[in-house]
Number of protein chains: 2
Amino acid sequence: MKMHFKSLVCLAVLSTPVFAAQHPDPLPSWNDGATKSAIVEFVETVTTKGSDNYVPAEDRIAVFDNDGTLWAEKPMYFQLFFTLDRIKDLAPKHPEWKTEEPFASVLKGDIKAALPHGEEGLLKMVMATHAGMNSVEFEEMVQAWVKNAKHPITKRPLTEMIYQPMLEVLDFLRDNDFKTYIVSGGGADFMRPWTEEVYGISPEYVIGSEIETEFAYTSNGIEIQRLPNVAHINDKAGKVIGIHKRLGRQPIAAFGNSDGDLQMMQWTTQQEGVTFGLYVHHTDEGREWKYDRNSSVGRLDKGLDEAKKEGWTIADMKNDWKVIYPN
Amino acid sequence: MKMHFKSLVCLAVLSTPVFAAQHPDPLPSWNDGATKSAIVEFVETVTTKGSDNYVPAEDRIAVFDNDGTLWAEKPMYFQLFFTLDRIKDLAPKHPEWKTEEPFASVLKGDIKAALPHGEEGLLKMVMATHAGMNSVEFEEMVQAWVKNAKHPITKRPLTEMIYQPMLEVLDFLRDNDFKTYIVSGGGADFMRPWTEEVYGISPEYVIGSEIETEFAYTSNGIEIQRLPNVAHINDKAGKVIGIHKRLGRQPIAAFGNSDGDLQMMQWTTQQEGVTFGLYVHHTDEGREWKYDRNSSVGRLDKGLDEAKKEGWTIADMKNDWKVIYPN
């Protein structure tokens, strides 16, 4: 068949937008390159019917850390902002806090003096603010707080300190019939009131740390009382235990940013078949924060070595991401 | 318009199958009547857009007890058959069981003598058979066992001792965008290996009792070791705690058959808005079993009173179900 040059030009002009409409870029906030390609290729590989590496839709499970992976975690975990705000709210009911550390320092506004009371001090603050009410009261408390909470440095609402490129990964996976779970060291009940609106992740897809609860018949009907005891710490090996308890099987993709996600990444990628592990590497001092091996919050040290050794994907925030936060 | 009788007959003949094709009976194994209507009307009510009682798809969560609600539970819970079979399998490794109760009676084939050792004896048997291996080994063990396990009286495979009418309810709800969860007193890890194939319920939709587990790095990679300690008993109030831990919110429909489901039914139906509670009542001595207030397994006593008081639906197995088991 003979074809005139003009026809060829017409075809070329026409075919580009047609193709783009059929295959819009699923990750528009990611720069083209190896990282973006790795994500896209993984999804194509496991969703291509007839391929040896095809994974049926019901087995497509992806897990995401939250702090530092889906939203920021500097200068400290955002759940700690909630804890500090709640201490101020509750102070009138606790006159003893004026002299009891770490509460006294918090009430004086001296956070730096409050934090070095270590894990015990932190636990004291969390229990004083996360227990002693029923589940509905706690949910409403978190909802009210998160609506107005702003980041102390950027002044953005905390719920807008989320990573646009990662929102696109969540959407891309869900569009390909993946179930997307949050697997965070943060409290499950602290995240559930807002993850649907912020990430499109409904409460039953949230796995996190838990405090003990107790069933009670009250004059208002059945209530679930929150008790000041830790039931499960969903960090490091606890993430694997948490996923196993909740899902009864292994995810095929894991996304994290710190050593706290290492065991979950190892467990996900040690299976037969195609799996995917990705670390978000905080390399962007200008637009976000730059930290890894020596950071107290979100330390990525052993994980970085393991990622290189195992060939996991590393998302370099500065070079791979066109934008950090949503517009 | 004038219409000949023959045309009317044609219309009548034609219209029945056309209507049936558009609205096939979602519950063909249920006899027409108040129970079937109540199920259909509930689903229609919460899925009718624009209605005051419309529930968005993401909030359509239904919970189902397993033993006695989705499959039979007589003459004893089927997980106990597994436990007894495992004791026989493991006996060569445990010479001490020859003289240690309740194992000694089990090995002599005298189940009646083994069971009266009470909760402590039962726990001993469960821990001896459900712990001491890793999660993958346990899964494979259950899979291998369930494939061949037969009911001692009916001789049917245990996985066919399931209730056809309830399978239809599961399908009907899922066709209407409900998420269907199992919430059972049985072990979560005992159910997960077969619920997908048997009920169309994948592992992450199974909430059950749990034993403690431990993360371990081994020469085969990461393993989850099963420890001989109870972590959660998912019965009575424990069902409410289990649902809250896992889903972070209340279901809008609950299906059970015993007093063990009562708190879950109360919690589900105490909310604002349209909710649904259904008790399967074992009334069919001929085709299944007949028991309620005085049964040691699957006792339905307080629940039956509460169901009548609260207006929950009671499925009368003998009169409401055309068939019990699938063909």
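A note on names: the letters A, B, ... follow the listed sequences, proteins ahead of strands, and every chain is numbered from 1.
In this structure, chain A has a heavy atom under 4.5 Å from the side chain of B:Gln270, while its backbone stays farther away. There is no contact between B:Ala216 and chain A, counting heavy-atom distances below 4.5 Å. Residue B:Arg246 touches chain A through both its backbone and its side chain, counting heavy-atom pairs closer than 4.5 Å. Contact annotation for A:Glu210: only side-chain heavy atoms (C-beta onward) come within less than 4.5 Å of a heavy atom of chain B. For chain A, no part of B:Ala188 is nearby; none of its heavy atoms comes within less than 4.5 Å. The contact between A:Glu214 and chain B is made entirely by backbone atoms, counting heavy-atom distances below 4.5 Å.
Nearest approach of B:Ile207 to B:Tyr181, heavy atoms of both residues: CD1-CD2, 4.2 Å. Across all their heavy atoms, A:Val198 and A:Leu167 have their closest contact at O-CD2, 4.0 Å.
Highest contact tally toward chain A, considering only B:Pro193, B:Gly248, B:Pro203, B:Ala231, is held by B:Pro203 [criterion: heavy-atom pairs under 4.5 Å]. Of the listed residues (A:Gln263, A:Glu204, A:Lys179, A:Glu139), the greatest number of heavy-atom pairs within a distance under 4.5 Å of chain B belongs to A:Glu204.
Between A:Tyr279 and A:Phe255, a ring centre-to-centre spacing not shorter than 6.0 Å is recorded. Side-chain rings of B:Trp145 and B:Trp194 stay apart, their centers remaining 6.0 Å or farther from each other. Aromatic ring centres of A:Phe82 and A:Phe190: separated by under 6.0 Å.
A donor-acceptor pair is defined here as one N or O able to donate and one able to accept, closer than 3.5 Å; such a pair exists between the side chain of B:Arg60 and the backbone of B:Asn176.
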